[in-house]
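Worksheet: the structure to be examined is printed underneath.
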Amino acid sequence: MQTEFAQRRQQLMDKIGKGTAIFRSAPQAVMHNDVEYNFRQDSDFFYLTGFDEPEAVAVLAPHHEEHRFVLFVRPKDPEKETWSGYRVGVDAAKERFGADAVYPIEELDEKLTQYVEKADRIYYRLGRDRRFNDKILGLWQRLMRGYPRRGTGPIAIEDPAPTLHSLRQIKSPAELERMRKAAEIAVAAHNRAMAYAKPGVYEYQVQAEIEHTFRISGALGPAYPSIVASGANACILHYTENTRQMQEHDLLLIDAGCAYEYYNSDITRTFPISGRFTEEQRILYDIVLRAQLAAIAQVAPGNPYSQMHDTAVRVIVEGLMDLGLLQGDIEEIIKEEKYKPFYMHKTGHWLGLDVHDVGVYAHGDTAHNLEPGHVTTVEPGIYIGPGITPAEGQPDVPERWRGIGIRIEDDVLVTPTGHEVLTAGVPKLIEDLES
């Protein structure tokens, strides 16, 4: 992977020209006053370096004569390493991560100026670390004060995200290998959950089976808090309590994915734990499934990103109109979003190093077009909560439809000729879900 990290840095440096880009590692998060959470590196930092420790800074200075890639890291410290784990250290970091120069993080203030003073701008994303923000702003202001005398120096601070994130959106073969593995593990976890779930079992027990499969298969763990939502809980989009005991005739909605070597999967399935859908459940499930299949069919190079959502919405609206749950002119219902009490979210999101990965969905009023190497989720749903309030002018919802929530989600790669469903190994056809 080090060759790939170097290629990524070179791609970014080619785009920033005479600028200097500065990236800060993620902070170490603490719980219970002095117990550290498992560390998770900032995705941009990891994408460019592969370095997986806190208290680090990466500098890319393509204009510098000797040091184009510089790391500032924690030095070795046997006493601290006894308590909180081994550190790479300054010497090993240079060899292992391909940096032209590596310094202790304590020397950042002393060394950073030489990599910025001849740049024409600083590429830095102002973030949540106010103290580090102030450090970069202070450095820029000092250099600007000397600009009239030298005639050189960074005249602006620019966010590197638009440039870097356009690179991150297109997944390389090495990235896709990891995403396929994350998908494979999550598929196994969902299939295990389907076999395990039955009336009388608690949601958290199903969650335990899923997350056990993640870890025993080599994943880092859940990509996000696992959603195991039975009955009316499935109408809560981000339900994570997972405490209810499942009952006969319940649907169970599971939205769970794993992280494998920093890359993520994201799958949702909804199925009857008693082995058979009720009539109402089957009708609504069929609408969502048809919407998802129609949306997936729109995933191809050159198609606007919004096309899959527009397609799913139309299928869902038509289905709900056939049931009398929506009424009126279909174009007006869609334009005025009168379907939103039933379907309130978009049909997908980018997927990669982050579950909701970087990348734009539109340029102004124009939808972003899909390209080979993009990975997106496709996840339409229908949610009829017990207390649903229809849009103005729409009919009341009969009791027999209330309390049903359904979502179906797959991870889909855009290929040169169309698409590949990475998570196709989890059943979703009605005949495959009923026993």
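For reference, positions follow the sequence shown, starting with 1. Values reported hereafter were calculated over all heavy atoms of this structure, with side chains retained and with hydrogens, waters and symmetry mates removed.
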Does [X] reach the main-chain N or O of [Y] with its side chain, forming a donor-acceptor pair under 3.5 Å?
X    : Y    : result
E81  : K76  : no
E209 : A193 : no
S265 : G257 : no
E4   : P173 : no
T311 : A294 : no
Q205 : Y202 : yes
Y285 : V288 : no

Return yes when atom [atom1] of [X] has more than 12 non-hydrogen atoms of other residues, nucleotides or ligands closer than 6.0 Å, and no otherwise.
X    : atom1 : answer
E248 : CD    : yes
E431 : CD    : yes
D134 : CG    : yes
D129 : CG    : yes
L137 : CG    : yes

Checking [Y] against [X]: is there a side-chain donor and acceptor pair closer than 3.5 Å?
X    : Y    : answer
Q10  : R68  : yes
H419 : Q298 : no
Q207 : S226 : no
D100 : H64  : no

For V90 versus P75, what's the shortest heavy-atom pair and its separation? CG2-CA, 4.3 Å

On a heavy-atom basis, which atom in R96 and which in V88 lie closest, and how many Å separate them?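 Minimum heavy-atom separation between R96 and V88: NH1-CG2, 3.7 Å.
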
Step by step, would you call R168 with D354 a salt bridge (charged side-chain N to carboxylate O under 4.0 Å, His left out)? CA-CA 10 Å; R168 276 183 55 186; D354 293 304; 2.9 Å; yes

Which of parallel (below 30°), tilted (30 to 60°) and perpendicular (above 60°) describes H368 and W350? perpendicular

Plane angle bin for Y343 and H309 - parallel if under 30°, tilted between 30 and 60°, otherwise perpendicular: tilted

Looking at [atom1] of [X] and [atom2] of [Y], how far apart are the two atoms once the value is rounded to the nearest 0.5 Å?
X    : Y    : atom1 : atom2 : result
I267 : H190 : CD1   : NE2   : 4.5 Å
I382 : I287 : CD1   : CD1   : 4.5 Å
T377 : I296 : OG1   : CD1   : 10.0 Å
Y339 : R314 : OH    : CZ    : 11.0 Å
E337 : M344 : CD    : CE    : 12.0 Å
F277 : L284 : CZ    : CG    : 10.5 Å

Step through it carefully: locate the ring centre of H238, locate the ring centre of Y224, and say whether they are under 6.0 Å apart. no

With a 6.0 Å cut-off on ring centres, are F214 and H212 close enough?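 No; H212 has its ring centre 6.0 Å or more from that of F214.
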
Is the shortest heavy-atom distance from the side chain of [X] to the side chain of [Y] under 4.5 Å?
X    : Y    : value
L293 : K428 : yes
E241 : I236 : no
Q141 : R145 : yes
P272 : L251 : yes
N303 : V299 : no
L112 : I22  : yes
P199 : S274 : yes
L370 : Y305 : yes

Which of F23, W140, F132 passes ring pair (Phe, Tyr, Trp, His ring centres under 6.0 Å) with Y124? Answer is F132

Might you work through the salt bridge (charged side-chain N to carboxylate O under 4.0 Å, His left out) test for D286 and R290, ending with a clear yes or no? CA-CA 6 Å; D286 180 66; R290 286 190 287 111; 3.0 Å; yes

Answer yes or no: is there an ion pair linking [X] with [Y], defined by an N-O contact shorter than 4.0 Å?
X    : Y    : result
E184 : R180 : no
E434 : R282 : yes
E55  : R87  : no
R269 : D410 : yes
D357 : K171 : yes

I'd like to know whether R215 forms a salt bridge (charged side-chain N to carboxylate O under 4.0 Å, His left out) with E211, so could you lay out the CA-CA distance, the side-chain angles of the two residues, the decisive distance to 0.1 Å, and finally the verdict. CA-CA 6 Å; R215 289 296 287 142; E211 296 179 3; over 6 Å; no

L60/F69 under side-chain contact (heavy atoms from CB on, under 4.5 Å): CA gap, chis, key distance, verdict: CA-CA 5 Å; L60 301 183; F69 171 40; 3.6 Å; yes

Quiz item: cation-pi between R178 and Y262, 6.0 Å / 45°: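 Checked: cation-pi criterion not met.
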
Is the Lys NZ or Arg CZ of K340 less than 6.0 Å from the centre of F342's six-membered ring, within 45° of the axis? no

May I have the step-by-step check of side-chain contact (heavy atoms from CB on, under 4.5 Å) for Q292 and V315, ending in yes or no? CA-CA 9 Å; Q292 201 224 16; V315 173; over 6 Å; no

Run R24 and D42 through salt bridge (charged side-chain N to carboxylate O under 4.0 Å, His left out) and show every step you take. CA-CA 8 Å; R24 173 76 157 159; D42 173 82; over 6 Å; no

Are H356 and D266 close enough, and set up right, to give a side chain to side chain donor-acceptor pair (under 3.5 Å), and what steps lead you there? CA-CA 10 Å; H356 287 251; D266 186 355; 5.3 Å; no

Pair listing, ring-ring contact (aromatic ring centres under 6.0 Å, His included) test, anchored in residues 72-96, at least two apart: F72-Y103

